[in-house]
Each structure stands twice: as C-alpha cells, then as structure tokens.
J.: 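Here it is, the structure in full.
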Amino acid sequence: MFECQEISAEHKDLIHDVSYDYYGDRIATCSSDQYVKVWDRNEEGKWILSSCWKGHSASVWKVTWAHPEFGQVLATCSFDRTATVWEEIVGDTPGPGKSGQRHWMRRTNLVDSRTSVTDVKFGPKAQGLQLATCSAEGIIRIYEAPDVMNLSQWTLQHEVQCKLSLSCLTWNCSLSRAHPPMIAVGSDEPGSGGKVFIYEYSENSRKWIKLDTVSCITEPVHDIAFAPNLGRTFHILGVATNNVRIINLTPTDDEQSQQSGITKLDIQTVAQFDEHGSTVWRVCWNVNGSVLCSSGDDGCVRMFRIHSKTLWKQEGVLKGDGNQVPTAMEAAQSGPQHIPQGSPVGSIASQTARYIKLGSISQPSREPWY
Amino acid sequence: MENNAKTFLIPNDLCRRAGMGASWRPMNEIVVFPYEKRSVKQKDQPTSFASNAPVSIFHIRRSVILFHPILRKLVNESNGVFLTLQASFKTKPSDLKMEILSISRQYRSIIRACLENLQDEVGKPNITVAERSEMHNYITIFYSVECVWHLCEILFIDVIPGNIVLPHLLDWVRFHFPKHERNAAILLASNSEGLELEEEFWPTVFGNLLQGRIKVVRALLKQHSAANSPIFQLVQHLLKSMPTYNVMNNVSVSEFNLQWRHWVMDIQQQIDSKQFINNHNLNLLMRLLTGEEEAWAEIQSQCEAWYEFLAGWLCYSETTVKTFELGQYAKQSIKKMRMQNHLRHLDRVLLAAMEFDMLLVIKEVQEMTENGWFVSHFTDLLHHSGRLSSLEKEVEGFSADKLRESFILDYGTTLVGHKSLWQVGLSYLDHCPKDGLPTIQLLLPRISFDSEAKVHKLIREAISRGLKNVAQSICKVQGMRSLSRGRLGNALTWALKSQDGPFTSYLADKYLKQYISSGELNNTDLLDNLGSSMLASDRLIFLGKYNEFHKLYQEGEYKECGHLLIALMVSKIVPKFFWPVLLSEAIPLLESEEIVFSANDTFTVLHCLEEKEEIPELSDKISILRLAAARNLSRALMYEAQCENLV
C-alpha cells in the first residue's frame, strides 16, 4: 500500500522540476512562472515555504542541490539562456534560540550559452565543486568553483561541442575511485543517428573525451540519469525516449584502452518498457539505484525494480485521478483501513503532515524475486 | 507480466489533465507533481494550465506498519534474535540444527508477545475507532504470520522422528483454533451435570475430538446427564481404548496399524449393531472415529478452515501420516470443503508449505503486508538451516545467498529510512555480504541529523564500518552548518574532525579577521588546545601560534614572546592581510624596558617592514615602527657589544 501527503506548491503555472536536498528535508521547485521556491520540513513533518524568489526572466527548467558539504547551494537553468548558482545566507542571529533571516543570494550568473540552458547538474563531490550545463546549441559546459568557500567565482573549465541540440545531462556518481568522471547527455533533436553520448574526463589530456554514442537510441531523448553505483563494475543508465530504456555500461579492460588511458565501454540495453505509449518525459532513481521512476505521455508515473543485472520489472503505477478528490470528511474516515480495490481515496488539500492511503485499481501481484 | 503492476490513483485533477512528473525524495519517497513536457523550440509562454488554482506536490511513500510504535518491540527484539543467529552461524556453523529450532521458536514467541500486546491495546477503551480497526488489521497480519511460521517450523525446520507429523500438526491446529479448548474449560468449570443443555456442548465435543483431545472429550461426556447409561459407558470405554502412536515406545508402524484396525473394527461392529442409533451425536462421534466419509462430510461445516478439518481427519484415518504425504491430503481436504476456488492468501501459503514448495511459500509471504519482516527473517533462518541452498540444485538459476540478501537488504533499507530505527536497519545491512557495505555507504551519509548527539552516533557507525570518508563528510557538513549559524568555534572543531584543509584555513582566516576588526581572539580555549590537529593547514598553524604569542604576552613572558614573533615573521605562513597587525605587535616589544629583540631580530623586523611597505594599512605605523626599531637596535647593539667585551 502507498500513502500520500499533499503540499500546495503555490506556483502559478506547472512545475518543471522538484528537487530534494541530500537528506530529503528541503524541497526546491521551479516553474514556468519564473519563480524558484524552497520549502523546509519542520519537526512535525509539515512543509513550510521558506523562500520564494523570481530566479530568471523566463521558464526555469531545472533546479538542483549541491552536496551539503558546500553549504546550502542551488543551481537553476532557464530558457533565458543562463544558469545561476544560488547560496542561502543566514543573517545575524537576532537572539539565542532564534534563527536568523534567510535569503538566497545570486552567487553567479553563467551566461556563456547563446541558447536556452536545458539542464544543470552538480558533479560528484569527490571532484570538488563542479557544475555541468548543457544547452540547445549543443554544448556541454563544465564550470568549477576553485575556492569552494567563495561561490561567486566560477571558471569555465571545459566546453564540449556535441553538434546536436541537448536536452538533458547526468553525472555518473560512482563511489569508486577507479572510475574517472563521466557524463552522459541526451539530445531531443529529431532525425536519425544516436541520441545519447557518453563522455569521460581524461586525466592525461585534461579534456573531456567522447567515449561512445549509444547507437540503439535514435528517437529524441528527454531525460537521462545514471543510477547511484553500489560498487558495481558496470554503470546503469536510465533513458527517457520514446520508451524507458535501461542500459548497462561496462568498462572493458582490453590492451588498447589501457594504452590510451581511455575507457572502452560495452553498451548493452537490458530493459525496454513501452507502457508509456509514446513519449517518456522524465526518469529518476531512488537513493540506492534499485528502482527507476519514469513519467510520460500516458499521464502515469511508473516504477521499475531491478531483479538481477539484466532483469528489470515494472512494480507499480501512479495515475492522476481528479474525479475522486474526496471531501474532507471522507478523507478523515478513510483513516488506516485498507482501501478496497477500485475505490480511490485521497487527501484534503491542506498542508498537514498526514499521509492518506492511496486507492488502487487492478489486482496486486508483486513479482517474486527469483 | 507488465499488466500485473498495481495502479495507484493520485487524487488530483491537474495531475490527470496535464500529466505527471516524478522525483525521488531521500530515502524512500516518490514525489509526483503536475507536469507537462515543454521543449525549447516552443515559445516560452504560460501553459494552458497556468491559473491561480493551487499546484500541488504529492509525497508518496509505502505505508510501513513496522513504524507504528506498538510494533517497535517486535522490530527491536527480532533484531536481537537475528543478530544472535548471525553470530552463532559465524562461530559454529556445523552444529546449528538445535540452535535454528530454538531461534525459530524465539521469533515465534516474539510474534505471540506482539499479538498479546495488540490484543491488550484493542481492549483499551480510550482508542478511536480508526485506531482499533488498525490494531485489528495488525492482529490479522501477525496472526497469519505466526500461523505460517509455525507450520513451516514443523515442516522445514524441526526434526521429526520417523516423520510422524500428526502430533505436531494437532499442536499447531490447537493453537490456532483455541476456541474449543476454551469452551471446554468453561463448560467443565461450571461442574454441573446435564451439560448437554448448553448450546455449545456438542460443538465443543466435536471440536475437541477433531483436535485429538480424547481426554477432554471423555471429561465432557462424563458431564452428560446420561453419562451413566450403558451406551455412554460403552463410548467411554471405546474412547479410552483408542490406540495412540508414539515413536518412543517401540511399536512399529505396522503393529500400530494392526491395533488401530482392530479398534476401528470393534467400533464398526457396535455401530452396525445399531448401538448408538438413538443418539445422533454419539452415533456421529463413533462414525467419525471409524473414518467414515459421510460422517466427515457431515462434520466439515463445523470447521472454520480446511486445515482444521485436515488435522482431525488425519487424526482418525491416517494417524501415521508422513510429512511428505501432507500435500496430497491437504488438497483432498480442500476439495472436500469445496474451497478450491476461493482460497484466501493464507490458505494458499499453507497449502504451498504442505506441498513442500518452499519457493512458493517465500513468494507468497512477500505479500503479507508487514513490510518484509516475515520474509526476511524467515528466509534468513531457512538459509542458515541449509534448506534453501539444497534447492539450488533443483531450480535453475536460483541462488540462496542472493535471495536471502535481497530480502535483508530491502528490510534493512526500509528501516534505515526511519528516524529512530536507522541503527537497527544498519545491523541488517551489515549482514549482506555483497551489497551491504556499498548500500550503507550510500544511505548512511543521507541520514538527516539535527543534533550533535546524532552526528556523533552517525560518525561512530561510519567509523566502525571503516567508512572514514563518510565520517569526514558528515563532519564537514556539520562544520558548514555551524558556520552558517555563526558558531565559529563549533565550525572549527568539526572542520578539524573532517580533516578538510581548505575549510580549516577558511575558518582560521575568519578568526584572524575577527581579531583585526574587534581586537579580540574568540574561543581561545579551543585554540589553546589545538595540539597536533593544528597541522591541518598552514593558516591554522599560524592562528594557533599567534594565539600562543598572545598568551605569552599576557603572561609577561616578553622574551619568549619576542622569539615566537620573529619565528612567525620568517615562517612565510603569515596571511597578507595580517602583516599590519603582526608588525604592530612588535612595537611594544621593541619599546619594552628589558631588551627583547637582539640586533639580528631587529634586522628581521626591519627586513619584513621593508618588504611589506606598500600595504596601505601599514602606512601610518611605518614611521613609529622604524623609530622603535632604530631605538631597539641601538640598545641591542650596545648591550651585545658589552656582553662581548665581558667575554
């Protein structure tokens, strides 16, 4: 069974991205209404709007948190061709026990792109404070803050030309030091040819080098995400294209790659799910990379669970349903009892910490493990 | 198989009209929100959904009943048993049979204690209707869990001499259908004759008969008003002479079967001679003893479940049934009760167990909705008993280790997501040899903390698992938090623990700058006790030494003070912004009554002064410094000359 808690996000238009801080205690949202909002969870589990500001002069596509080691830092990217780094400043504490005034300060505006910046992601913290952006003009840019205590200084370290208009980007967040930094990007340009490219940072040449193109994906790609790596020898990439793809990237140790110092990848599509009908919009991973979540044209959110290296199975579906918004009283009655199949129950639109059991349709049948 | 996935409905119309996007919230929540795919090629304008109507975000999580406070004891105590088992497996993996059985019983007694707790709670008058129905729900779940576990213990874990399973089966049924025993006790306690007038009398007699409690049946019949009639006497006699099978008393199975057949024949004769024809109930009782099909068909409506029927039926027709024959009899009794098409989940699990389909049992118990508590502990137990690995040969691609680990990993991960059960969760992950440590490495740093006590706990857990980098990262985060709250001393303490050089330098700079603006060094007790941790960064060494200088100065140890100052000046670790302060510190020493600086020292001061001339903050002090240095130089030169003359 699932239960759900509703938080009114107060955006005036659809939300483009919702991002959680490292601990899941803070939410950042961004929207077509050009605003960025930050929500904090209080001790009772309620979400309180702590900051809200106009971040850009156009739609804000993505918002993402830096690792808390660098403080409270956000990056956003927008249709207005910029990416911005924000840092939360806590004013002088007015007195013991009280928290100071907080506000988010624009630390830097990255204005190198001549077109819409479509994605922004902080790199793994082992590499210091790095930020990668990709843009519609087809360029990946890697920025770095050389002094992590001074976020107003960012240097553009690398510019990688991709030729195709880029829509999404992901860092490989492997825990192993044996894996050099890796980025995968996706393009939503129509036309033939591969749409997912894998890059790796080569320590020798101090350059980002294209390792491979995932040639089996030729449809436009809308989102892409590396799974957190549990010390595996291979990397798992989730791709949102005309279907959900799960791809294993296995570095191979042949002589050639050892000589050149450039990783050679063995690319294998291990799962493909067509349930979304046509276009898949977003993909994201849970904390330990065992479940992939996707959303798409059919209006559903689908979950896929790993069963073995090459076996993935759909586990659950979430679907919007407006006809069944219950009255407050129904919701109150629907307390802890198991909801009979086919009778959805929802929540009251209030900011309480209460979770409401979700109704479901179709028979439960969890796949066994073996 | 794709169609099998369960669909859940999000009660929001905007989600339906626009579609949804999803994100993950650490640890275990999914977040959905109304979302529409926009492309950069589209014009950037408000979507058709833009309005003043609220846009909501929905946090979706699995409902975890184990997080309910009333089940806390179950979670914690079973954790203890789990760890005991892992430990004893490590130390003496050869002789585990008895240990495993005792562990299994411990688990079951924990479930029973939990059920008792729940029963008590349900009985309390001050709980709401919703709470009560929730408790009832838990009782149903754990009652089923106990029922399955008990049967599996008999079949998979216990070593039954001669495979004679019936006595165990009866024990199991007696525990799960305690009604008859309870009723019998009530009836007998009333100690009145003519018990047959009680409505419950005959159902209780038959109930106890089905559970093999012959003594109770006889006791009840003695309280019948006609107990002294010859026919009742005959029944008493027949019941008393019923042969019982016991492996221990050296009767072979065939010998017993012979005795049994004689006994049945005896009863049959009495029935055939229409001895009991006047008493329907007694007649039925006797026919049941002979295993007559029609009699059993008559009694089956009194059975709540097919396995209650099964136990009774076997008791009087297949007393020496072997464990491996149970499956076929189970199917027969289900068929007799006409339940094939409406088996509940519990029925299916029990049937699978009796058919010895261990994998099916494991598969089914995953749906017990107790969030994996049962399946993980149970699979772990089976694995240690060696039962699971024996299946590896039979089922292709099956790995007992993997199966066990996957459940424990899931269970541990679930617990780590809870704010007070995270340590229990970690102890499960510790026993996942393959993915346990990497999972801990991913999850542990994400456990949110708001108190120093919890930070220390987290760090201890990280260090004890050799995850030094995780511990350091946690320290750094706590340092950054202290810094943002303006607590410099705390921040420095954590920075030192995190061994982050640049961060400590940054903080040391903050101290020095504070000193410049306020003229006071803060947290001197911390700085006094830096010791070797000072070596974290050059800037911190400087701060520490400078603090020492201050202390010496206050104590009036001007000579040593002077040495330290000169040492600092030549050390090349003085931050640029601090030179004006450092040089001004020299003035009182140059001017002191007693000569502090030697001629050489004074040259050093002058040399530094020369080098740093351009620093603007120094401009108003240069002349004073030059003057003081010149005066001190003359004094020092004269003094040193005198000393040389004396020598």
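Just so it is clear: chains get the letters A, B, ... in the order the sequence lines come, proteins before strands, and each one is counted from 1. Computed from a predicted structure; not experimentally measured.
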J.: Check whether B/V55 gets within reach of chain A through its side chain, its backbone, both or neither, counting any heavy atom under 4.5 Å.
T.: both
J.: Under 4.5 Å from any heavy atom of chain A, what part of B/E396 do you find: side chain, backbone, both or neither?
T.: neither
J.: Heavy-atom distance under 4.5 Å to chain A: side chain of B/L442, backbone, both or neither?
T.: both
J.: Can you spot which of A/E275, A/Q314, A/H276, A/R302 makes a side-chain hydrogen bond (donor to acceptor under 3.5 Å, both in side chains) with A/S294?
T.: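 Among A/E275, A/Q314, A/H276, A/R302, the one that satisfies the side-chain hydrogen bond (donor to acceptor under 3.5 Å, both in side chains) with A/S294 is A/H276.
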J.: Look at B/S448, B/C15, B/G19 and state which one has the largest set of heavy-atom pairs under 4.5 Å with chain A.
T.: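 Ranked by heavy-atom pairs under 4.5 Å with chain A, first place is B/S448.
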J.: With only heavy atoms counted, which part of A/H16 is less than 4.5 Å from chain B, the side chain, the backbone, both or neither?
T.: both
J.: Given a strict heavy-atom distance threshold of 4.5 Å, which part of A/V283 is in contact with chain B: side chain, backbone, both, or neither?
T.: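 Neither the backbone nor the side chain of A/V283 comes within 4.5 Å of chain B.
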J.: Answer with side chain, backbone, both or neither: which region of A/S59 has an atom nearer than 4.5 Å to a non-hydrogen atom of chain B?
T.: both
J.: Out of B/S473, B/S484, B/P46, return the one with the most heavy atom pairs under 4.5 angstrom to chain A.
T.: B/S473
J.: By a 4.5 Å heavy-atom criterion (distance strictly below it), what part of B/I65 contacts chain A: side chain, backbone, both, or neither?
T.: neither
J.: Does the ring of A/Y22 carry B/R446 above it, NZ/CZ under 6.0 angstrom from centre and within 45° of its axis?
T.: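 Yes, a cation-pi geometry holds between B/R446 and A/Y22.
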J.: Using a 6.0 Å distance limit plus a 45 degree cone around the ring axis, check whether A/R41 lies over the aromatic ring of A/Y23.
T.: no
J.: Is B/F49 close to chain A through its backbone or its side chain, or both, or neither, when contacts mean heavy atoms under 4.5 Å?
T.: both
J.: Test your reading of the model: is there a side-chain donor-acceptor pair from B/Q366 to the backbone of B/V375, 3.5 Å cut-off?
T.: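 Side chain of B/Q366 to backbone of B/V375: no pair is present.
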J.: Using non-hydrogen atoms and a 4.5 Å limit, figure out which bit of A/F79 sits close to chain B: side chain, backbone, both or neither.
T.: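 Answer is side chain: those atoms of A/F79 sit under 4.5 Å from chain B.
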J.: Are B/H59 and A/Y20 near enough that their ring centres are under 6.0 Å apart?
T.: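 Yes, the ring centres sit under 6.0 Å apart.
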J.: One pair to check against side-chain contact (heavy atoms from CB on, under 4.5 Å): B/I10 and B/M20. What are the steps and the verdict?
T.: CA-CA 10 Å; B/I10 308 296; B/M20 292 189 290; 4.0 Å; yes
J.: Please examine the side chains of B/Y35 and A/V18, heavy atoms only from C-beta on, and report whether any two atoms are closer than 4.5 Å.
T.: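 Not touching, per the 4.5 Å side-chain cut-off.
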J.: For A/K12, is the NZ atom crowded, meaning more than 12 foreign heavy atoms sit under 6.0 Å from it?
T.: no
J.: When only pairs under 4.5 Å are counted, which of A/N288, A/V301, A/N286 shares the most heavy-atom pairs with chain B?
T.: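 Going by pairs under 4.5 Å, I would pick A/N286.
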J.: For A/W285, is it the side chain, the backbone, both or neither that has a heavy atom under 4.5 Å from a heavy atom of chain B?
T.: backbone
J.: If you tally heavy-atom pairs under 4.5 Å against chain B, which of A/A136, A/S116, A/G299, A/C284 wins?
T.: A/C284
J.: Take B/M135 and B/I70 through the test side-chain contact (heavy atoms from CB on, under 4.5 Å) and record every step on the way to the result.
T.: CA-CA 9 Å; B/M135 296 297 159; B/I70 192 139; 4.2 Å; yes
J.: So, for A/F273 and A/F304, is the gap between ring centers shorter than 6.0 Å?
T.: yes
J.: Could you check which of B/S498, B/P34, B/C475 has the highest count of heavy-atom pairs closer than 4.5 Å to chain A?
T.: B/P34
J.: Less than 4.5 Å to any heavy atom of chain A: does that hold for the side chain of B/T413, its backbone, both, or neither?
T.: side chain
J.: Before giving the answer on side-chain contact (heavy atoms from CB on, under 4.5 Å), spell out for A/E6 and B/N12 the whole-Å C-alpha distance, their side-chain angles and the decisive distance to 0.1 Å.
T.: CA-CA 10 Å; A/E6 179 171 354; B/N12 185 278; 4.2 Å; yes
J.: Let me know if A/I27 has heavy atoms under 4.5 Å from chain B in its side chain, its backbone, both or neither.
T.: side chain
J.: With B/K476 as the cation and B/F503 as the aromatic partner, state whether NZ or CZ is under 6.0 Å from the six-membered ring centre and within 45° of the axis.
T.: yes
J.: Quick check on A/T279 against chain B: is it the side chain, the backbone, both or neither that has a heavy atom closer than 4.5 Å?
T.: neither
J.: Please look at A/D21 and chain B and tell me whether the side chain, the backbone, both or neither of the residue comes under 4.5 angstrom of a heavy atom of that chain.
T.: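 A/D21 touches chain B through backbone heavy atoms alone.
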J.: Name the region of B/R481, side chain, backbone, both or neither, that has any atom closer than 4.5 Å to a heavy atom of chain A.
T.: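 The side chain, not the backbone.
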